[in-house]
**Q** 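Pasting in a structure now, in structure tokens, and then I'll have a few things to ask.
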Amino acid sequence: MRIVVTGVNGQIATSLVERGRGRADIIALGRPRLDLTNRESVLRAIEASPCDIIVNAAAYTAVDKAEQEPGEAMRINADGAAHVAEAAAIAGVPLLQLSTDYVFNGAGERPYRETDATGPTSAYGRSKLAGESRVLAAQPNCAILRTAWVYSPFGANFVRTMLRLGETREEVGVVADQHGNPPYALDVADALLAIATRLADDASPDLRGVFHMTGQGEATWADVAEATFAAAERHGRRPARVRRIGTLDYPTPAKRPANSRLDNDKLSRTYGVVLPEWRRSLSDCVDRLLSMT
């Protein structure tokens, strides 16, 4: 199978390239060859890279900065996603579109299902929701996969930040009233490969539409930080404590969802795909990061 993935340095794209070795031919496209804000650039780049399926993992992900740059977020996450969907439709191949929990308002008291009403409260969330709508309109032969709290050995993410802070601080204040299901990007990549194989070979409408894809088990950011520090201690790192704080103690330009939990039952029933439990994968991630230092 030949898979085009947009994004070159992002966590998902990098993980997909790694996990695809020996299983698929992964072509990662990014700037300057592919510029999501430029329709012609997207169409040309994908036309020049024949494939069986496309994964759109590139996105504007600076959640706070998007409050000052809503137009740029929309150009990348909505217009850019539409350009990729159009290219997929022209090529006659399915599309996997990565999306986010930020399409919800975060006020729910249970994990969100795909059928729940959306209501983003940030510029980033609005841009991603617009991207979903435009993708579905341009290329119905697609699966939109919402995820959240992704971490990996690559790029900037919460786990890497905690490891860096733990080197110099005895105590770190971490928000303890936001809840999610952290997925490891390498587990996400494995899931994408399985989903891509089914989607490319099976025309069933049930395989199309919106799905949620996160790790198993629930956590707060403080829980993730404590697990990160505990795993680091097993490698001889100095102990670091977590001071549990509230969202109001750590104000940000963009409102963070209190509830980022996503219900993955539809993905499990439809594709038979279940991501591993977050603590196990986080331990693997920390082991890998610290073995590289």
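Quick note: numbers below take in every heavy atom, side chains included, and nothing from hydrogens, waters or symmetry partners.
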**Q** Is Y102 reaching over with its side chain to a backbone N or O of Y124, donor-acceptor style, under 3.5 angstrom?
**A**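 No; zero donor-acceptor contacts below 3.5 Å.
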**Q** Please check if any side-chain donor atom of Q216 sits under 3.5 Å from a side-chain acceptor atom of N181, or the reverse.
**A**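 Result is no, nothing qualifies.
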**Q** Assess the residue pair R288 and E18 against the criterion (salt bridge (charged side-chain N to carboxylate O under 4.0 Å, His left out)); give the C-alpha distance rounded to whole Å, side-chain angles, the decisive distance to 0.1 Å, and a yes or no.
**A** CA-CA 14 Å; R288 175 166 170 170; E18 178 175 311; 2.7 Å; yes
**Q** Could you list the donor-acceptor pairs under 3.5 angstrom formed by side chains in residues 140-148, with sequence neighbours left out?
**A**
unit_1	atom_1	unit_2	atom_2	d
N141	OD1	R208	NE	2.8
N141	OD1	R208	NH2	2.8
R146	NE	E132	OE2	2.9
R146	NH1	H212	NE2	3.2
R146	NH2	E132	OE1	2.8
T147	OG1	M213	O	2.8

**Q** Any Lys/Arg nitrogen of K255 or D64 sitting under 4.0 Å from an Asp/Glu carboxylate oxygen of the other?
**A**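 The answer is no: the pair does not qualify as a salt bridge.
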**Q** Looking only at atom types and distance, does a side-chain atom of D52 sit under 3.5 Å from a main-chain N or O of R2, one as donor and one as acceptor?
**A**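 Pair found, side chain donor or acceptor close to backbone of R2.
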**Q** Does any N or O in the side chain of Y112 come within less than 3.5 Å of the main-chain N or O of G108, such that one atom is a donor and the other an acceptor?
**A**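 Yes.
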**Q** Could you check whether any side-chain N or O of K128 sits under 3.5 Å from a backbone N or O of L98, counting only pairs where one atom can act as donor and the other as acceptor?
**A**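 Yes, K128 side chain to L98 backbone: donor-acceptor pair under 3.5 Å.
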**Q** Scan the side chains in residues 85-95 for donor-acceptor partners under 3.5 Å anywhere in the protein, sequence neighbours excluded, and list what turns up.
**A**
unit_1	atom_1	unit_2	atom_2	d
E86	OE1	R39	NE	2.9
E86	OE2	R39	NE	3.3
E86	OE2	R39	NH2	2.6

**Q** Just by distance, with hydrogens left out, do T247 and Q178 show a side-chain donor and acceptor under 3.5 Å apart?
**A**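 A pair is found: one side chain offers a donor N or O, the other an acceptor, under 3.5 Å apart.
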**Q** Report yes or no: do T121 and N105 form a side-chain donor-acceptor pair below 3.5 Å?
**A**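 Side-chain D/A pair, T121 to N105: absent.
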**Q** Check whether any side-chain N or O of R241 sits under 3.5 Å from a backbone N or O of P239 as a donor-acceptor pair, and report yes or no.
**A**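 The answer is no, because no donor-acceptor pair under 3.5 Å joins these two groups.
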**Q** Report the residues that fulfil side chain to side chain donor-acceptor pair (under 3.5 Å) with R280, sequence neighbours left out, ordered by chain and then residue number.
**A**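 Side chain to side chain donor-acceptor pair (under 3.5 Å) list for R280, sorted by chain: empty.
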**Q** When rounded to the nearest 0.5 angstrom, what distance separates CG in L16 from CD1 in I27?
**A**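 L16 CG to I27 CD1: 10.5 Å, rounded to 0.5 Å.
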**Q** Under 4.0 Å between a side-chain nitrogen and a carboxylate oxygen: does that hold for R134 and D79?
**A**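 Looking at D79 together with R134, the answer is yes, because their closest N to O distance falls below 4.0 Å.
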**Q** Kindly say whether the aromatic ring centers of W149 and W221 come within a distance under 6.0 Å.
**A**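 Yes; W221 has its ring centre under 6.0 Å from that of W149.
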**Q** When you measure from the side chain of S49 to the backbone N and O of I46, does any donor-acceptor pair fall under 3.5 Å?
**A**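 No, S49 side chain to I46 backbone: no donor-acceptor pair under 3.5 Å.
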**Q** For S41, does its backbone N or O pair with a side-chain atom of D35 as donor and acceptor, under 3.5 Å?
**A**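 Checked: no pair found.
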**Q** Passes salt bridge (charged side-chain N to carboxylate O under 4.0 Å, His left out), K266 versus E114? Steps please.
**A** CA-CA 8 Å; K266 181 183 176 184; E114 292 84 352; 5.5 Å; no
**Q** Output yes when a side-chain donor or acceptor of R238 lies under 3.5 Å from a complementary backbone atom of G166, and no otherwise.
**A**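 Yes; judged by distance alone, with no hydrogens or angles, the pair exists.
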**Q** Using modelled atom types and a 3.5 Å cut-off, is there a donor and acceptor pairing between side-chain atoms of D223 and backbone atoms of T220?
**A**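 Yes; judged by distance alone, with no hydrogens or angles, the pair exists.
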**Q** Do NZ/NE/NH1/NH2 and the carboxylate oxygens of D177 and R256 come within less than 4.0 Å?
**A**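 Looking at R256 together with D177, the answer is no, because their closest N to O distance does not fall below 4.0 Å.
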**Q** Might you work through the side chain to side chain donor-acceptor pair (under 3.5 Å) test for R198 and S204, ending with a clear yes or no?
**A** CA-CA 10 Å; R198 285 282 305 281; S204 170; over 6 Å; no
**Q** Are side-chain N/O atoms of T14 and R19 paired as donor and acceptor at under 3.5 Å?
**A**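 Their side chains do not contain a donor-acceptor pair, so the 3.5 Å distance test is not met.
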**Q** So does G246 get a backbone contact from the side chain of D249, meaning a donor-acceptor N/O pair under 3.5 Å?
**A**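 Yes, because the side chain of D249 sits within donor-acceptor range (under 3.5 Å) of the backbone of G246.
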